[in-house]
Amino acid sequence: MVTVSPTPLLKDELDIVIPTIRNLDFLEMWRPFFQPYHLIIVQDGDPTKTIKVPEGFDYELYNRNDINRILGPKASCISFKDSACRCFGYMVSKKKYIYTIDDDCFVAKDPSGKDINALEQHIQNLLSPSTPFFFNTLYDPYRSGADFVRGYPFSLREGVPTAVSHGLWLNIPDYDAPTQLVKPLERNTRYVDAIMTIPKGTLFPMCGMNLAFNRELIGPAMYFGLMGDGQPIGRYDDMWAGWCTKVICDHLGWGVKTGLPYIWHSKASNPFVNLKKEYKGIYWQEELIPFFQSVALPKDCTTVQKCYIEISKQVKAKLGKVDDYFNKLADAMVTWIEAWDELNPSGDISAKIPNGASK
Ligand SMILES: O=c1ccn([C@@H]2O[C@H](COP(=O)(O)OP(=O)(O)O[C@H]3O[C@@H](CO)[C@H](O)[C@H]3O)[C@@H](O)[C@H]2O)c(=O)[nH]1
Ligand SMILES: [Mn+2]
């Protein structure tokens, strides 16, 4: 009897975005889970370097020359020499969903020793509702073997659309440089079998290492900022996107989940290099968090783009005095939205182009 493996969920509705400066041998380990999907590889650094991609993957690759050619002057909003460049992949994708993963992240094993299909878990997270308005103490009520607990209002049990699924990491945790320096040998061995909706009104530090989102809902908010070459800060790319995204999701009534799935993060980047990249962010964020907690979006901000432009105005008005960098960042946020809308004309029904089909 021929056994036909089930069509992977969202096979033609999801792109995998990988920022990279190296050959993508890591894909060999992910092949069983990633091969059916289309990859968007954003090559950072020297565009003359050839990135080797294992045979059998359906992908498009963009280097800095491509970014400059496609965006022209607007390419100034895409970071160079920083993983923040990955957001260009979100912009050029035509799919409804995005999964982004770093090239030093590998397949982790669950406590039973089974390989974790992180992509499948993210898809389940995105396809099931979130519960930002009232916390369910038994965690994700939509998982099999769980439900809403006594006292949970029935009027809220339908939940809301999930915009973001934030996965975690075994082995090397995503610590900031100071923590990494004082705990160089710490490894995350704790597998917590839980998925939670981050409550409305609560910010969180979003890590771009193992992240999925509904691009049609929240894509325009997933700008990873001005980082890396020529910028006074790095490693706050995903954080910035996460703060803007969460404020907008709270305003528009969408959910953000964190927890499963885990990946195995294999490489600790250099803590001294990271300290140089992060140090301004470490004291700026003491101003940034109260800023994002105070952001009020008017009722007429009914689209992500309108929300994002409003946030950029408030960034300029309130953070420009912290450092001139935030004036530049506010302008880059506007450029990002202009570029996004240019590449994704409004009302554009995302082309459902099956993988491998000519575009
Ligand atoms: O200049 C660069 C450096 C790296 N990349 C690619 O980006 C990811 C992450 O790189 P790496 O694993 O070396 O760095 P981490 O410190 O572990 O990354 C975490 O910190 C966050 C800081 O932004 C980042 O989002 C986290 O994932 C790899 O795929 C590199 O190939 C790059 O594109 N350009
Ligand atoms: Mn890493």
Side-chain angles (χ1 to χ4, degrees), residues 16-27 29-30 34 39-47 49-53 59 61-64 66-67 78-90 98-108 118 164 166-181 183-184 186-188 204-213 222-243 245 258 262-282 285 329:
I16 299 173
V17 174
I18 305 166
T20 195
I21 51 175
R22 52 182 69 96
N23 293 332
L24 295 178
D25 308 321
F26 91 116
L27 285 172
M29 194 176 191
W30 288 104
F34 287 5
L39 311 181
I40 296 180
I41 300 162
V42 183
Q43 176 184 346
D44 195 15
D46 177 4
K49 181 178 170 183
T50 302
I51 297 290
K52 290 198 185 78
V53 181
Y59 71 93
L61 183 143
Y62 297 94
N63 63 27
R64 192 68 207 186
D66 299 316
I67 294 171
I78 302 298
S79 299
F80 185 56
K81 294 191 179 171
D82 188 283
S83 62
C85 65
R86 74 173 87 209
C87 62
F88 179 75
Y90 312 156
I98 295 285
Y99 175 52
T100 188
I101 183 171
D102 289 3
D103 60 20
D104 64 343
C105 295
F106 294 85
V107 176
V164 179
H166 179 262
L168 299 173
W169 344 271
L170 290 172
N171 193 38
I172 308 285
D174 188 20
Y175 285 166
D176 51 47
T179 308
Q180 235 186 321
L181 283 165
K183 304 173 96 174
E186 184 144 300
R187 296 292 178 268
N188 181 30
F204 76 111
M206 186 173 84
C207 170
M209 224 189 287
N210 172 24
L211 179 72
F213 58 91
M222 282 288 181
Y223 175 47
F224 274 36
L226 289 175
M227 304 282 151
D229 197 40
Q231 304 301 339
I233 186 172
R235 290 170 56 81
Y236 271 81
D237 49 328
D238 34 12
M239 301 294 147
W240 183 264
W243 297 329
T245 290
T258 188
Y262 284 91
I263 50 85
W264 180 268
H265 185 206
S266 73
K267 187 176 64 63
S269 38
N270 182 305
F272 295 101
V273 171
N274 289 347
L275 188 55
K276 271 173 73 176
K277 292 180 179 177
E278 287 173 16
Y279 86 93
K280 287 201 169 186
I282 291 174
Q285 74 183 13
L329 181 56

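Order of appearance sets the numbers: ligands from 1, and atoms from 1 within every ligand.
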Which protein non-hydrogen atom lies closest to atom 33 (O) of ligand 1, naming both residue and atom, and how far is it? Asp44 CB, 3.5 Å
Which residue from Lys267, Met227, Glu278 reaches closest to atom 13 (O) of ligand 1 through any of its heavy atoms? Lys267
Can you name the atoms of ligand 1, numbered from 1 with element, that are less than 4.0 Å from a heavy atom of Asp104? 12 (O), 17 (O)
Hey, is Ser269 touching ligand 1 through its side chain, its backbone, both or neither, going by heavy atoms under 4.0 Å? side chain
For atom 18 (O) of ligand 1, tell me which residue out of Asp237, Thr100, Asp102 has the closest non-hydrogen atom. Asp102
Between the main-chain N or O of Ser269 and the side-chain N or O of Gln180, is there a donor-acceptor pair closer than 3.5 Å? yes
Can you tell me if Gln43 has a non-hydrogen atom under 4.0 Å from ligand 1? no
Under a 3.5 Å distance rule, please check whether Asn63 uses its side chain to pair with a backbone N or O of Gln43 as donor and acceptor. no
Which residue owns the protein heavy atom closest to atom 16 (O) of ligand 1, what's the atom, and how far is it? Arg235 NH1, 2.4 Å
From the options Met239, His265, Lys81, select the one whose nearest heavy atom is closest to atom 17 (O) of ligand 1. His265
Give the contacting part of Ile21 toward ligand 1: side chain, backbone, both or neither, where contact means a heavy-atom distance below 4.0 Å. both
Under 30°, 30 to 60°, or over 60°: which ring-plane class applies to Trp243 and Tyr236, parallel, tilted or perpendicular? tilted
Starting from the C-alpha separation in whole Å, work towards a yes-or-no answer on side chain to side chain contact (heavy atoms under 4.5 Å, CB included) for Phe213 and Thr245. CA-CA 10 Å; Phe213 58 91; Thr245 290; over 6 Å; no
Considering only protein heavy atoms, which is closest to atom 31 (O) of ligand 1, and at what distance to one decimal place? Asp103 OD2, 2.6 Å
I need the atoms of ligand 1 closer than 4.0 Å to a non-hydrogen atom of Arg86, numbered in the order shown. 25 (O), 27 (O)
Any donor and acceptor pair, going by atom type alone, linking the side chain of Asp102 with main-chain N or O of Cys105 inside 3.5 Å? no
Lys267, NZ: over 12 other non-hydrogen atoms inside 6.0 angstrom: yes
Check whether Asp237 reaches the backbone of Gly225 with its side chain - one donor and one acceptor, N or O, closer than 3.5 Å. no
Just say parallel, tilted or perpendicular for the rings of His166 and Trp169, cut-offs at 30° and 60°. perpendicular
Look at Cys105 and state whether any of its N, O or S atoms is less than 2.8 Å from the Mn ion (ligand 2). no
Does Pro19, backbone or side chain, put an N or O under 3.5 Å from an N or O of ligand 1? yes
Measure from the side-chain N and O atoms of Asn23 to the backbone N and O of Asp25, and report whether any donor-acceptor pair falls under 3.5 Å. no
Among the N, O or S atoms that Asp104 has, which is closest to the Mn ion (ligand 2)? OD2
Salt bridge check, Arg22 against Asp104: does any charged N sit closer than 4.0 Å to a carboxylate O? no
Which atoms of ligand 1 have any heavy atom of Thr20 under 4.0 Å away? 31 (O), 33 (O)
Using a 4.0 Å cut-off to any heavy atom of Asp238, which atoms of ligand 1 qualify? 21 (C), 24 (C), 25 (O)
Strictly distance-based, threshold 3.5 Å: is any side-chain N or O of His265 a donor or acceptor partner for the main-chain N or O of Ile172? yes
Geometric N/O contact Asn274 with ligand 1, under 3.5 angstrom: no
Distance-only N or O hit between ligand 1 and Asp174, under 3.5 Å: no
